[in-house]
There are 2 protein chains.
Amino acid sequence: MERKTPTIQDVARFANVSTATVSRALSSPEKVSEGTRARVSEAVRVTGYTLNQAGRSLRQRSAKTILVALPDIRNPFFSSILDAIEREAAARGYGVLVLNLYFGHETIRRLQDFLLSNRADGLLLLDGSVDTNLLHALAGQADAIPIVVACEEIPNSGFHTVLTDNVDAAERATQHLIDLGHRRIGHLLGPDHNVVSRERFTGFSRALAASGLTPVPEWSFRGNFDMESGFSAAARFLSMTERPTAIFAANDESAIGFLSGLRQHGIICPRDISVVGFDDLGVAPHYVPPLTTMRQPREALGRMAAEALIDIVEDPDALGIPLRIVLRSELVVRESTARIARGGTNKAGTDNPSS
Amino acid sequence: MERKTPTIQDVARFANVSTATVSRALSSPEKVSEGTRARVSEAVRVTGYTLNQAGRSLRQRSAKTILVALPDIRNPFFSSILDAIEREAAARGYGVLVLNLYFGHETIRRLQDFLLSNRADGLLLLDGSVDTNLLHALAGQADAIPIVVACEEIPNSGFHTVLTDNVDAAERATQHLIDLGHRRIGHLLGPDHNVVSRERFTGFSRALAASGLTPVPEWSFRGNFDMESGFSAAARFLSMTERPTAIFAANDESAIGFLSGLRQHGIICPRDISVVGFDDLGVAPHYVPPLTTMRQPREALGRMAAEALIDIVEDPDALGIPLRIVLRSELVVRESTARIARGGTNKAGTDNPSS
DNA sequence: ATTAGTTATGCAATCGATTACACGCGGCCG
DNA sequence: CGGCCGCGTGTAATCGATTGCATAACTAAT
């Protein structure tokens, strides 16, 4: 029956106090007397009052909202991080705005708008490829906007960062293949420009070097983190006469595409080739064969990034120096990797002294 | 160097006009003279002004934001719908707040808060299991909050709805198995309480009935839309002596878990059993075997739901009667279904007259 | 008893943008 | 020539909540 949403005025009138008192009763109860507090709660109950966030935001210049910008919500890797972020934010009373970051200036402008227009109090960036100048412009103002970068490092940017040990994890994944006796090891790359791709490639190269294996450039297959690109890589693999006996794929999706491509031509994993992936997607344990992969602590990553961001939002001086948290990934051994077989389908090779 | 974010006041001062004029120049350019418009744009450029959304929201009582509430962001089905929603919203200048709907009152209260506190102008609900009373309370006020329900129907609720033809699609999926000669057909169920599960079961039952097949209760396996539940269902399947030759799974994830469980015991699809899934997940074409499945028009669904919601937000009378859009799903035939073989691993059966 | 300190409350300004209303000016019509 | 209309602009109220300052009522200390 109410004509319109009740405001703090209505509550004040009902409780016979001023709006100032109502505001205090609700936000800092210790400042009002017990009796008043009770009358106010009662009035709130009766009127059905709910805070108008716009009014509060205007006055306090804070929106109780964080902005999460990511390259692709559909990617299960990001969506599970987003999930963790949302949970943490919810627990601390913050809303979560999501922004798909395709390419292009249009999106960047929107990102800027959200922040500058006071719709969000801070930015959680899950993409390392955003223009650094722009970010610094946002973060460097007098009224600096808190930014935390997660997942992907922006080198030398000085932003607070939460990420996983990509280089090290990639090295361990590759080492796993070496431990199984493989000497002819290839890599299915991630996208060219991507920081994470590069880090994983670095780790891959280090592992080879540490074991004195010489990298074969043709065995680094172009990829794009998606299944299609893995599938195409398989075609290139099949066209080679000298093939690797094992592949470290930049992520599970491309690994799956790759395996699917190979299987169409009768190359069976792990009989003919070993493949290790990255991410431990939900499907990994149920794929055929179940995928050996590096599991990143996605929930922890999302949670910690959100925690850090909100800490800074609430107290800009909370963190002295730029934060840098590196989480360790874990190798999950399943059935897509196996000890190298003598005389497999692939030319197991003359340069294979051991095993 | 600026002390603080520039406001409309600063722009007005710089352009030598009143704030009213600046506001008009920006929101309804046709109302100011050409010269003034130019001076204002210049002033905006120089001062680096951006709108403070809180101020505008307060005055206009609209947040230019919609709230999307869903049961699980991590689920790739939902995340791709969310993606489509975000794109559409972005195109129309709206922000997207996401809210994970676990169970429990806590979350519902948050949902209510978001809407009542004017942080969002409308609700896009991707979950049919929310308390209808609560929703009606929100939608039925004098200052009604626009609500669109998508994906899952809330029967007799009278809300605007955008969904896919679950019953019909399930019927067609099952019919596909029948067309391949299968007569002993089982179903891997979705969660008990879920509307979508029930609809798919209904479609399944109808297809059987239409072909005069009698349903076997034991062949309806409990499931939960996730891989684990499919995996467990496989164990129950294996323990039976009389087994179905084909299964219609409520979704791809459970189908994959099911296949993975069977494979561990040497039951190979499609040689020994045919399986049709639902959703056409990204992995479906690359699974082993590639999955036959019903593809729902996810992008269209998200886009149309967002469109409808924003239409109503911008003009509450835009839609006369409750909207109801039903989108058609499409059968994608791959390799997990095959014509029934004589004398397969399963007791192909005495009650199998044809083929 | 006077003063200082404490507590609870109210008054009114404030946050930034929008908009109803009023005003001045020029042109057009009768 | 006078009145009317409409365009472009300014003035000031308004949206709803918070908060600095003032004040009143008490308590405690000297």
Side-chain angles (χ1 to χ4, degrees), chain A residues 2-41 43-44 47-65 93 113-119 121 143, chain B residues 2-40 43-44 47-65 93 113 115-119 121 143:
Chain A
E2 330 112 284
R3 287 267 143 266
K4 41 174 23 206
T5 324
T7 75
I8 201 173
Q9 319 282 346
D10 301 318
V11 178
R13 201 170 312 125
F14 193 93
N16 244 314
V17 293
S18 71
T19 61
T21 301
V22 175
S23 175
R24 284 188 283 251
L26 295 176
S27 325
S28 18
E30 77 283 1
K31 289 191 182 165
V32 304
S33 72
E34 197 177 336
T36 312
R37 210 178 321 163
R39 268 201 328 235
V40 170
S41 336
V44 167
T47 53
Y49 168 76
T50 48
L51 181 82
N52 179 320
Q53 183 64 34
R56 169 183 281 183
S57 290
L58 180 57
R59 180 65 221 242
Q60 299 192 326
R61 38 201 45 199
S62 94
K64 279 279 190 180
T65 300
D113 258 19
F114 271 109
L115 267 7
L116 260 26
S117 70
N118 248 283
R119 299 173 73 159
D121 304 323
D143 204 2
Chain B
E2 330 115 283
R3 289 268 142 263
K4 42 177 19 209
T5 324
T7 75
I8 202 173
Q9 319 283 345
D10 302 318
V11 178
R13 202 170 312 126
F14 192 93
N16 245 314
V17 293
S18 72
T19 61
T21 301
V22 175
S23 176
R24 283 188 284 249
L26 296 176
S27 325
S28 17
E30 77 282 3
K31 289 190 183 166
V32 304
S33 72
E34 195 179 337
T36 312
R37 210 178 322 163
R39 270 203 327 248
V40 170
V44 167
T47 53
Y49 168 76
T50 49
L51 182 84
N52 180 321
Q53 182 65 34
R56 168 183 282 183
S57 291
L58 179 57
R59 180 65 221 244
Q60 299 192 326
R61 37 194 34 149
S62 96
K64 279 278 191 180
T65 300
D113 259 19
L115 266 8
L116 261 25
S117 70
N118 247 283
R119 297 174 73 160
D121 305 323
D143 204 3

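Model, not experiment: these values are computed from the prediction. Each chain gets a letter, A, B and so on, in the order the sequences are listed, and its residues count up from 1.
- Nucleotide D:dG16 holds its C1' atom 15 Å from the CZ atom of B:Arg119, rounded to whole Å.
- The backbone N or O of B:Ala15 sits less than 3.5 Å from a side-chain atom of B:Arg39, completing a donor-acceptor pair.
- Only one option out of B:Leu26, B:Val22, B:Thr5, B:Asp10 pairs with B:Tyr49 in a side chain to side chain contact (heavy atoms under 4.5 Å, CB included); it is B:Leu26.
- Residue A:Ser33 is in sugar-phosphate contact alone, with no base atom involved, counting any heavy-atom pair closer than 4.0 Å across all strands shown.
- Looking at heavy-atom distances under 4.0 Å, A:Val22 makes no contact with the nucleic acid at all.
- A:Tyr49 has a side-chain polar atom (N or O) that falls below the 4.0 Å cut-off from OP1 or OP2 of D:dA17.
- Between the P atom of D:dG8 and the CZ atom of B:Arg37 lies a distance of 9 Å, rounded to the nearest Å.
- Put simply, CZ on A:Arg61 is 10 Å from C1' on C:dT14, counting in whole angstrom units.
- One interatomic measurement links the two molecules: CD1 of B:Ile8 to P of D:dT9, which rounds to 15 Å at whole-angstrom precision.
- Although no hydrogens or angles enter the test, the distance criterion places a donor-acceptor pair under 3.5 Å between the side chain of A:Ser41 and the main chain of A:Arg37.
- At the heavy-atom level, A:Thr50 lies under 4.0 Å from the strands shown only through sugar-phosphate atoms.
- Using modelled atom types, no side-chain atom of A:Asn118 and backbone atom of B:Gln53 make a donor-acceptor pair closer than 3.5 Å.
- Per the geometry, CD belonging to B:Glu34 stands 11 Å off P belonging to D:dT9, to the nearest Å.
- In this model, the phosphate group of D:dG16 is not approached by any side-chain N or O of A:Thr7 to a distance below 4.0 Å at OP1 or OP2.
- As a whole-Å value, the separation of B:Glu30 CD from D:dC7 P is 11 Å.
- The backbone N or O of A:Ser57 sits nowhere less than 3.5 Å from a side-chain atom of A:Ser62 that would complete a donor-acceptor pair.
- Listed pair B:Arg56 / C:dT18 meets the phosphate criterion, a side-chain N or O lying under 4.0 Å from OP1 or OP2.
- Between the CG atom of A:Leu58 and the C1' atom of C:dG16 there is a distance of 5 Å, rounded to whole Å.
- Between A:Lys31 atom NZ and D:dA17 atom P there is a gap of 18 Å when expressed in whole angstrom units.
- In this model, the phosphate group of C:dT9 is approached by a side-chain N or O of A:Thr36 to a distance below 4.0 Å at OP1 or OP2.
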Polar pairs (N or O, both sides) under 3.5 Å between protein and nucleotides 19-28 of chain D?
none

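- Side-chain polar atoms of B:Thr65 and A:Arg119 form a donor-acceptor pair below 3.5 angstrom.
- Across all strands shown, B:Ser57 has no heavy atoms under 4.0 Å from either base or sugar-phosphate atoms.
- Between the CZ atom of A:Arg24 and the OG atom of A:Ser18 there is a distance of 6.0 Å, given to the nearest 0.5 Å.
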